[in-house]
S.K.: 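Next up is a structure, given as structure tokens.
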Amino acid sequence: MAGLNSSVPRGRCDFAWFCHFDDDNYVNVPRLVRFLGDYSPREDWYLGKPSIQAPLEIINKDRTPQKVKFWFATGGAGFCLSRALALKMMPVASGGKFISTGEKIRLPDDVTMGYIIEHLLKKPLTVIDLFHSHLEPMKFIKREILEDQISFSYSNNKEEWNVVKIDGFDVKYDQNRFLSLHCYLFPNFSFCPRTETPIRGEKPTLILQRS
């Protein structure tokens, strides 16, 4: 995990949580903070969302090759580790050991994370459906639950963009819909378009002002 070693110098850990998100994620930070408030960083927590329907099975090529099954939280949706778990990872993941483990199993960093936590440390992944990756259809996230979600993503398929379905800025200027999503969640930002008066408690509808 990027930043794990630098964030835990000389055996110290000054952070309650370590969260990873990709550069194609939109993170609802206030929601993430509230969410993490329901969990104790003093306990072992591996919070995220898998992108597969069953545990990953690989051949562990140690002295005696054997099949190993484990879950991993996809980095495309983001995941969080508690302070307690991060400290337990240090003997098997610090000092370049994380990279060497990934090279040994020949799998990406998010899979390596799951291998270390679930297989080596025997700590289970807690599935959080509030995390979303580009591997799922964003358009099916209903508008009325957007505020409750933690992360969003997007992808550009050949036929159409896989994006959150939200009104707002012209698609030409906001293809991944993150800017429109941000203004939907936080409409008071100065760069957000003006909004209609809410009706019956509904979220205001964004309207672009023409110049």
Side-chain angles (χ1 to χ4, degrees), residues 1-4 6-7 14-41 45-51 73-83 86 110 113 125-157 160-211:
M1 181 177 185
L4 181 61
S6 61
S7 299
D14 297 324
F15 299 95
W17 294 94
F18 298 86
C19 296
H20 163 92
F21 294 97
D22 285 347
D23 58 5
D24 60 353
N25 284 131
Y26 175 91
V27 182
N28 185 349
V29 176
R31 180 68 181 99
L32 173 63
V33 172
R34 293 196 305 272
F35 168 78
L36 292 177
D38 293 333
Y39 295 84
S40 172
W45 290 110
Y46 175 31
L47 308 173
K49 187 176 185 179
S51 58
T74 178
F79 55 83
C80 293
L81 311 178
S82 64
R83 176 181 183 274
D110 54 353
M113 186 69 68
L125 169 67
T126 298
V127 178
I128 306 299
D129 288 330
L130 305 179
F131 291 81
H132 301 281
S133 81
H134 64 282
L135 299 175
E136 56 186 286
M138 292 291 103
K139 64 182 179 181
F140 292 144
I141 303 176
K142 296 182 180 179
R143 180 168 175 168
E144 56 265 28
I145 66 170
L146 289 176
E147 288 180 287
D148 294 327
Q149 310 309 298
I150 292 174
S151 66
F152 304 85
S153 190
Y154 73 94
S155 60
N156 183 9
N157 302 321
E160 63 177 348
W161 281 74
N162 176 25
V163 296
V164 174
K165 190 175 182 180
I166 186 76
D167 297 328
F169 291 93
D170 192 306
V171 174
K172 181 171 60 175
Y173 302 107
D174 186 27
Q175 290 183 315
N176 62 25
R177 308 312 289 157
F178 281 177
L179 189 57
S180 297
L181 175 62
H182 181 80
C183 285
Y184 177 80
L185 297 174
F186 310 103
N188 293 327
F189 273 74
S190 59
F191 59 80
C192 293
R194 67 181 180 85
T195 60
E196 288 183 343
T197 303
I199 300 175
R200 297 179 182 177
E202 295 180 352
K203 191 73 178 180
T205 299
L206 294 173
I207 299 179
L208 281 177
Q209 293 178 316
R210 295 182 179 178
S211 57

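Along the sequence shown, the residues carry numbers beginning at 1.
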S.K.: Say you draw a straight line from CG of Leu135 to OG of Ser155; how long is it, rounded to the nearest 0.5 Å?
M.R.: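 Those atoms lie 8.0 Å apart.
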S.K.: Which heavy atom of Ser180 sits nearest to which heavy atom of Ile166, and what is that distance?
M.R.: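 In terms of heavy atoms, the two residues are closest at CB-CG2, 4.0 Å.
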S.K.: Between Gly48 and Ala73, what is the shortest heavy-atom contact and its length?
M.R.: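 Heavy-atom minimum between the residues: CA-CB, 3.7 Å.
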S.K.: Which distance, rounded to the nearest 0.5 Å, do you find between the CG of Leu47 and the CZ of Phe131?
M.R.: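 Here the rounded value is 6.5 Å.
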S.K.: Find out whether Asn162 and Lys139 are in side-chain contact, i.e. whether some heavy atom of one side chain is under 4.5 Å from a heavy atom of the other.
M.R.: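 The answer is no; the side chains never approach within 4.5 Å.
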S.K.: Run the side chain to side chain contact (heavy atoms under 4.5 Å, CB included) test on Leu32 and Cys80 for me, step by step, so that the C-alpha distance in whole Å, both residues' side-chain angles and the decisive distance to 0.1 Å come before the verdict.
M.R.: CA-CA 10 Å; Leu32 173 63; Cys80 293; 4.0 Å; yes
S.K.: Is it true that atom CZ of Phe140 has more than 12 heavy atoms of other residues, nucleotides or ligands lying nearer than 6.0 Å?
M.R.: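 No, CZ of Phe140 has 12 or fewer neighbouring heavy atoms, counting only those of other groups under 6.0 Å.
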S.K.: Please report the C-alpha distance between Tyr46 and Leu81 in whole Å, then the side-chain angles of each, then the deciding distance to 0.1 Å, and finally whether the side chain to side chain contact (heavy atoms under 4.5 Å, CB included) criterion is met.
M.R.: CA-CA 5 Å; Tyr46 175 31; Leu81 311 178; 3.4 Å; yes
S.K.: Can you give me the closest heavy-atom contact between Pro187 and Cys192, atom names plus distance?
M.R.: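 Looks like O-CB, 3.6 Å.
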S.K.: Please identify each residue that fulfils ring pair (Phe, Tyr, Trp, His ring centres under 6.0 Å) with Tyr173, with sequence neighbours left out.
M.R.: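 Result, ring pair (Phe, Tyr, Trp, His ring centres under 6.0 Å) vs Tyr173: none returned.
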S.K.: Go through Arg177 and Met138 one step at a time and tell me if the side chain to side chain contact (heavy atoms under 4.5 Å, CB included) criterion holds.
M.R.: CA-CA 11 Å; Arg177 308 312 289 157; Met138 292 291 103; over 6 Å; no
S.K.: Give, for atom CG of Leu179 and atom OH of Tyr26, the distance between the pair rounded to the nearest 0.5 Å.
M.R.: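 Spacing of CG (Leu179) from OH (Tyr26) equals 9.5 Å.
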S.K.: How far apart are the closest heavy atoms of His132 and Gln149, and which atoms are they?
M.R.: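 Minimum heavy-atom separation between His132 and Gln149: NE2-OE1, 2.7 Å.
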S.K.: Go through it in stages, so that I can follow the logic: the residues are Trp161 and Asn156, the test is side chain to side chain contact (heavy atoms under 4.5 Å, CB included), and I'd like the CA-CA distance, side-chain angles, deciding distance and then a yes or no.
M.R.: CA-CA 5 Å; Trp161 281 74; Asn156 183 9; 3.5 Å; yes
S.K.: Looking only at atom types and distance, does a side-chain atom of Asp170 sit under 3.5 Å from a main-chain N or O of Lys172, one as donor and one as acceptor?
M.R.: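 Checked: pair present.
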S.K.: Counting only N and O atoms by type, is there a donor-acceptor contact under 3.5 Å from the side chain of Ser133 to the main-chain atoms of Gly76?
M.R.: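 Judged by distance alone, no pair lies under 3.5 Å.
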S.K.: Minimum heavy-atom separation for His134 to Tyr154, with atom names?
M.R.: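 So the minimum-distance heavy-atom pair works out to CB-O, 3.2 Å.
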S.K.: Heavy atoms only: give me the nearest Ser153-Asn25 pair and the separation to one decimal.
M.R.: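 Nearest heavy atoms, Ser153 then Asn25: CB-ND2, 3.7 Å.
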S.K.: Taking the ring of His182 and the ring of Phe169, is the distance between their centroids below 6.0 Å?
M.R.: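 No, too far apart.
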S.K.: What pairs with Phe35 under ring pair (Phe, Tyr, Trp, His ring centres under 6.0 Å), at least two apart in sequence or on another chain?
M.R.: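 Phe35: ring pair (Phe, Tyr, Trp, His ring centres under 6.0 Å) contacts with Tyr39.
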S.K.: Between CZ of Phe191 and SG of Cys183, what distance do you get to the nearest 0.5 Å?
M.R.: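 Nearest 0.5 Å value for the CZ-SG distance: 4.5 Å.
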S.K.: Can you tell me how far the CD atom of Glu147 sits from the CG atom of Leu181, to the nearest 0.5 Å?
M.R.: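 Between atom CD of Glu147 and atom CG of Leu181 there are 10.0 Å.
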S.K.: With a 4.5 Å heavy-atom cut-off, do Asp110 and His20 have their side chains touching?
M.R.: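 With C-beta onward as the side chain, the pair stays apart.
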S.K.: Output the distance between atom CG (Leu130) and atom CZ (Phe152), rounded to the nearest 0.5 Å.
M.R.: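 CZ of Phe152 is found 9.5 Å from CG of Leu130.
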S.K.: With the side chain counted from C-beta on, respond yes when Asn28 and Leu146 share a heavy-atom pair under 4.5 Å apart, and no when they do not.
M.R.: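 No - every pair of side-chain heavy atoms lies 4.5 Å or more apart.
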